[in-house]
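Just so it is clear, the values below take in all heavy atoms, side chains as well, and ignore hydrogens, waters and symmetry mates.
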Amino acid sequence: MNRYPIWKRLTVLIVLVIGAIYATPNLFRPDPALQISGESGGQVIDEAVKQKAEAALTEANIPIKAVDDSDPRTLLIRLANSNDQLTAKKVVETILPEGFIVALNLASTTPDWLHKLGADPMKLGLDLSGGVHFLLEVDTDFSLKKRLEGYRTEIQKKLRESRIRGIVTMKDEEISAKFASVDDRKQALKALKQVVPELEQQTYEADDDAFVVWRFGDALKRKIASDSVSQNLVALRNRVDELGVSEPLVQRQGLNRIVVELPGVQDSAVAKRIIGKTANLEFRLEARGDAAGETFQFRNPEGYKKSAQLERSYVITGDQVANASTSFDENSRPQVNITLDSQGGRQMHNATKTNIGRNLGVLFIERKTRNETRINEQGEKEIVRVPYYEKQIISLATVQSALGVQFRITGLNSPYEARELALLLRAGSLAAPVDFVQERTIGPSSGEQNIAKGINAIIWAMGLVLIFMLFYYKVFGLFANLALLMNLVVLVSVMSIISATLTLPGIAGIVLTLGMAVDANVLIFERIKEELRDGLVPARAISAGYDRAFVTILDSNLTTLLVALILYALGTGPIKGFAVTLGIGILTSMFTAIVGTRTLVELVYGNRNVKKLAI
């Protein structure tokens, strides 16, 4: 009656073995490390950089545990002490030239054989493992200027279409237009009525000329600034999702700031580069004749050609890219395949169908920073990071036919750079540049204290439960205790497999799960004792106890699982962490408390004709 079929025994054994394998990596603590990478995805870290970094750390008396240069684009320096991370970061940043990013990291120490099986430790939240905290400030002035430039372009275009002569200029936060007469201005204002409905307008005359000035009102300024922060928020979330960071926090703070927290991040250098990078594309036709244009250098000079002159107005921008992927062209060079949205496709088609035979340039625009030495108010020299824009042509090709929503761009340095550009375009370009106002590492010391407290809580809770169950239910209590240990192993392994993030509230969820798992065994064992008191033989009492308690256990666990799902759906941050652990714990505890203990009971009592149970 209590004999389990062989497949059920094997199921329990397989689950236990797999659980042990995938839970084991959590026993290996990661090494504190520095990660050095280039600002560009394809930049290679050479031997000179490695030697400089090692020499600087040695001179600063910071012990190095190991150096990993297996990836030519990244240098990983493992440190012996986590307390040296921040100091080491400052030391290395001081000696490296511009163009390099030095970031804190936690380097995995999981054995290779486990890693090959896909067994990696679960990610720890910011409160347990530390992580990176970025406070970003959105340059809303850039958004205002960009919007104003858009209005200027539309005004110039409408005046040309209406054959009205006028000189349009932009200065500071206003656009002005000069006309030869008041009548010309009246015609222009009539034609531009639908172009600038949101702008404040002012007219005046001077030196026989008629002028009109457009500027933003205060309400429109606030709306544009708010919209740019909101768009950046969406783009940053998309970029973080592309990086595969679990349980990130990306939220608005105040009027123009955004907080980004990356708990347990494994590649913080790439995260910083991708999050802060303001890269965009502009597709412009090559200027011809004496038409006004701007001269730009080629990113990769093609033959003798070092520069080209492009029109000031653009056909489309990277904002109108719906999707981007990478591949290789017929010459095995990296390329990015672009798919535009419907509006971008129409603009591209209209511009290229009338310009077949002309060159279309792809302008790559990137916001960078450089160090400048300045004298502060105290008369002391200080190094200031000054932003600037680098605009380079990455492709200049002849339009052979009218283009539509799909086309490709080439001229990239490497496949890594192509993937990075595709990621940025796919995730969405930033509406305005962001500056890193604050970069804080939630460090290992406070995380270790929280981990120690959490482990102590689990040990105490589990220890008291084990003692109570063993004392009160004797041999059956031992079965429950073994199942409880199995539950903990399987729970940890499942969280590791699905890359769930463990937080301090998540540890509370584990403690609660252990208690609930015991509740199920208490219900089963009390039911068995009740059946024995009613006169059933031990074998029938065991079978009836498990069968009749199952419905009650299922009902109670389903209601708790429903609450966990609601918490996950509606909660944020720590609440989600608690919900994830609780939900997984409910499923694992039902398996171990019911199937696991039943297997142990079958192994001990299944082949014996016992007269009395030790319960």
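How far NZ of K576 is from CG of L570: 9.5 Å, rounded to the nearest 0.5 Å. Atom CG of L340 sits about 7.0 Å away from atom CZ of F283, to the nearest 0.5 Å. Here N355 contributes atom CG and N350 contributes atom CG; the two are 11.0 Å apart, rounded to the nearest 0.5 Å. Residue K146 holds its NZ atom at 7.5 Å from OG of S143, rounded to the nearest 0.5 Å. For the atom pair CG (L233) and CG (L136), the distance works out to 10.0 Å, reported to the nearest 0.5 Å. We find the CG-CZ distance between L504 and F578 to be 12.0 Å, quoted to the nearest 0.5 Å.
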Would you check, one step at a time, whether the test side chain to side chain contact (heavy atoms under 4.5 Å, CB included) holds for L403 with L360?
CA-CA 11 Å; L403 300 177; L360 179 67; 4.1 Å; yes

Go through the steps to decide whether K145 and D141 satisfy the test side chain to side chain contact (heavy atoms under 4.5 Å, CB included), and finish with yes or no.
CA-CA 6 Å; K145 183 179 178 182; D141 290 339; over 6 Å; no

Apply side chain to side chain contact (heavy atoms under 4.5 Å, CB included) to residues L192 and W214 and explain how you reach the verdict.
CA-CA 11 Å; L192 296 171; W214 295 279; 3.8 Å; yes

Might you work through the side chain to side chain contact (heavy atoms under 4.5 Å, CB included) test for I393 and F364, ending with a clear yes or no?
CA-CA 6 Å; I393 299 173; F364 183 80; over 6 Å; no

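Residues S327 and Q335 have side chains that bring a donor and an acceptor to within less than 3.5 angstrom of each other. Looking at T169 and S176, their side chains do bring a donor and an acceptor atom within 3.5 Å of each other.
Taking each heavy atom of Q400 and I356 in turn, the nearest pair found is O-CG2, 3.6 Å. Minimum interatomic distance between G361 and L310 (heavy atoms only, all atoms of both residues): CA-CD2, 4.4 Å. Smallest separation of non-hydrogen atoms from D341 and V405: O-CG1, 4.2 Å. The shortest non-hydrogen separation linking V580 to A500 is CG1-CB, 4.0 Å. Listed here is the closest heavy atom pair of V229 and T140: CG2-CG2, 4.2 Å. In plain terms, the two heavy atoms of L567 and A579 that are nearest each other are CB-CB, 3.8 Å.
Side-chain contact between N323 and N337 is absent, with no heavy-atom pair separated by less than 4.5 Å. The shortest side-chain heavy-atom distance between N232 and V434 falls under the 4.5 Å cut-off. Taking the side chain as every heavy atom from C-beta outward, L189 and Q201 approach each other to under 4.5 Å. Residues I164 and F179 form a side-chain contact, since some pair of their non-hydrogen atoms from C-beta on lies under 4.5 Å apart. T74 is listed as a side-chain neighbour of Q35, based on a closest heavy-atom distance under 4.5 Å. Side-chain contact between E311 and R358 is present, with heavy atoms from C-beta onward closer than 4.5 Å. In this structure, the side chains of L396 and F296 stay at 4.5 Å or more apart for every pair of heavy atoms.
Geometrically, K178 does not engage F211 in a cation-pi contact defined by less than 6.0 Å to the ring centre and at most 45° from the axis.
Side-chain atoms of Q251 do not come within 3.5 Å of backbone N or O of V259 as any donor-acceptor pair. Between the side chain of T352 and the main chain of M348, a donor-acceptor pair closer than 3.5 Å is present. Using a distance-only test at 3.5 Å, with no hydrogens or angles considered, no donor-acceptor pair links the side chain of D435 to the main chain of V437. Between the side chain of Q320 and the main chain of T317, a donor-acceptor pair closer than 3.5 Å is present.
Counting heavy atoms of neighbouring residues, nucleotides and ligands inside a 6.0 Å radius, atom CD of Q194 does not exceed 12 of them. More than 12 heavy atoms of other shown residues, nucleotides or ligands fall within 6.0 angstrom of atom CG in N331. Other residues, nucleotides and ligands contribute only 12 or fewer heavy atoms inside 6.0 Å of the CG atom of L255. For CG of D208, the number of neighbouring non-hydrogen atoms (other residues, nucleotides, ligands) closer than 6.0 Å is 12 at most.
A salt bridge links E173 with K221: the closest approach of a Lys/Arg side-chain nitrogen to an acidic carboxylate oxygen falls below 4.0 angstrom. Using a 4.0 Å cut-off between charged side-chain N and carboxylate O, K223 and D227 make a salt bridge. Ion pairing between E294 and R284 holds under the 4.0 Å rule for side-chain N and carboxylate O.
Residue pairs that meet the salt bridge (charged side-chain N to carboxylate O under 4.0 Å, His left out) test with at least one member in residues 195-205, sequence neighbours left out, are R185-E205.
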